[in-house]
K.L.:
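The structure follows.
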Amino acid sequence: MIILSYQPPYDWTWMFAFLGDRAVEGVETVTPERYRRTLAMEGHHGWLTLTPRAENHHLEVEISEGLQPVVDKVVERVRRLLDLDMNPAIVHQTLGELASNRPGLRLPGCMDVFEQGVRAILGQLVSVKQAARLTGKVVAAYGAPLDAQGEWRLFPTAAQLALADPLVLKTLGMPLKRAEALIHLARECEAGRFPLTRPTDVEHGMKALMQMPGIGRWTANYFALRGWQAPDVFLADDYAIKQRFAGMTPAQIRRYALRWQPWRSYALLHIWFSYGWRPDDQLMAK
């Protein structure tokens, strides 16, 4: 077992609820006490289990034997998934009152950047629950089984999805254009052209993503938020955000959000999950 520390406060209830709502059948299980999933990395595969011990401000990480050859890289991804290296005090200095109701909120990352790209595309124009269900169907169709019963599966690799038939993907419950976008994403990853690490210029990186078929502004922003775990992204075109900023155009919302630089991703999460929040009328005019 590996013990990872973090700087409190940490809202584990919120984080596990966020991950649980998006859990993909066959790949992940999430309870209020722990998170478990399958993972493949560099030819190795297995399971990992994450159990927070909030009273001691640490996280217990159990990694199966199959992943032991890449254990250091697995731990690095765990830290990214759960944003363990963030110091909340630094973010709160900028966000101020906005962060007061959820001081332990962190930015959920991902365990695999290609996987997060697939999830972002499948999450377009559907609910969180529908996106998780559809992703589970893709896993069942293309993911390699990890146990004899086939109950646990690995998330499909770029190589596997690059060879998929878009018409078969369509039968799983997605528009043909979305199926074609998934295959294009997989082929770009296979060719080494998809940015799996956060670019120095995130804004330029998101514009480059929007040149790919099936990736619009919202998908590019959401992928940057979680796939790259970019700390300063704000989805001004998001439906829920436009509701919070009623009467303001996306351009006005972007100007308002500048006050939260360089932590606009955290501001976005706080606004998303603070259902009664509204912008300050006096600041809206500035």
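Just so you know, residue 1 is the first one in the sequence shown, and it goes up from there.
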K.L.:
Quick one: does NZ or CZ of R37 land under 6.0 Å from the six-membered ring centre of Y35, within 45 degrees of the ring axis?
P.N.:
no

K.L.:
Under the rule for side chain to side chain donor-acceptor pair (under 3.5 Å), what residues qualify as partners of D83, not counting sequence neighbours?
P.N.:
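In terms of side chain to side chain donor-acceptor pair (under 3.5 Å), with neighbours along the sequence ignored, D83 is linked to Y266.
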
K.L.:
I'd like to know if E60 and R53 make a salt bridge, using a cut-off of under 4.0 Å between side-chain N and carboxylate O.
P.N.:
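A salt bridge is present here (some side-chain N lies under 4.0 Å from a carboxylate O).
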
K.L.:
Could you go through the side chain to side chain contact (heavy atoms under 4.5 Å, CB included) check for T38 and R153 one step at a time?
P.N.:
CA-CA 7 Å; T38 65; R153 290 182 176 270; 6.0 Å; no

K.L.:
Once the angle between the rings of F16 and W12 is folded into 0 to 90°, is it parallel (under 30°), tilted (30 to 60°) or perpendicular (over 60°)?
P.N.:
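Ring orientation of F16 relative to W12: perpendicular.
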
K.L.:
Might you point out which heavy atoms bring A179 and L169 nearest each other, and give the distance in Å?
P.N.:
CB-CB, 3.6 Å

K.L.:
For E25, I'd like to know if atom CD has over 12 heavy atoms of other residues, nucleotides or ligands within 6.0 Å.
P.N.:
no

K.L.:
Under 30°, 30 to 60°, or over 60°: which ring-plane class applies to Y222 and W272, parallel, tilted or perpendicular?
P.N.:
tilted

K.L.:
Could you tell me whether Y256 and F245 have their ring centroids closer than 6.0 angstrom?
P.N.:
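That pair passes the under 6.0 Å test.
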
K.L.:
Determine whether more than 12 heavy atoms belonging to other residues, nucleotides or ligands lie under 6.0 Å from atom NE2 of H45.
P.N.:
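Incorrect, the count does not exceed 12.
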
K.L.:
Should the pair R80 and W228 be classed as cation-pi, given the thresholds of under 6.0 Å to the six-membered ring centre and 45° from the axis?
P.N.:
no

K.L.:
Any Lys/Arg nitrogen of E42 or K73 sitting under 4.0 Å from an Asp/Glu carboxylate oxygen of the other?
P.N.:
yes

K.L.:
So do the side chains of N221 and W218 get within less than 4.5 Å of each other, counting heavy atoms only?
P.N.:
no

K.L.:
State whether the number of non-hydrogen atoms from other residues, nucleotides or ligands found under 6.0 Å of Q243 atom CD is greater than 12.
P.N.:
yes

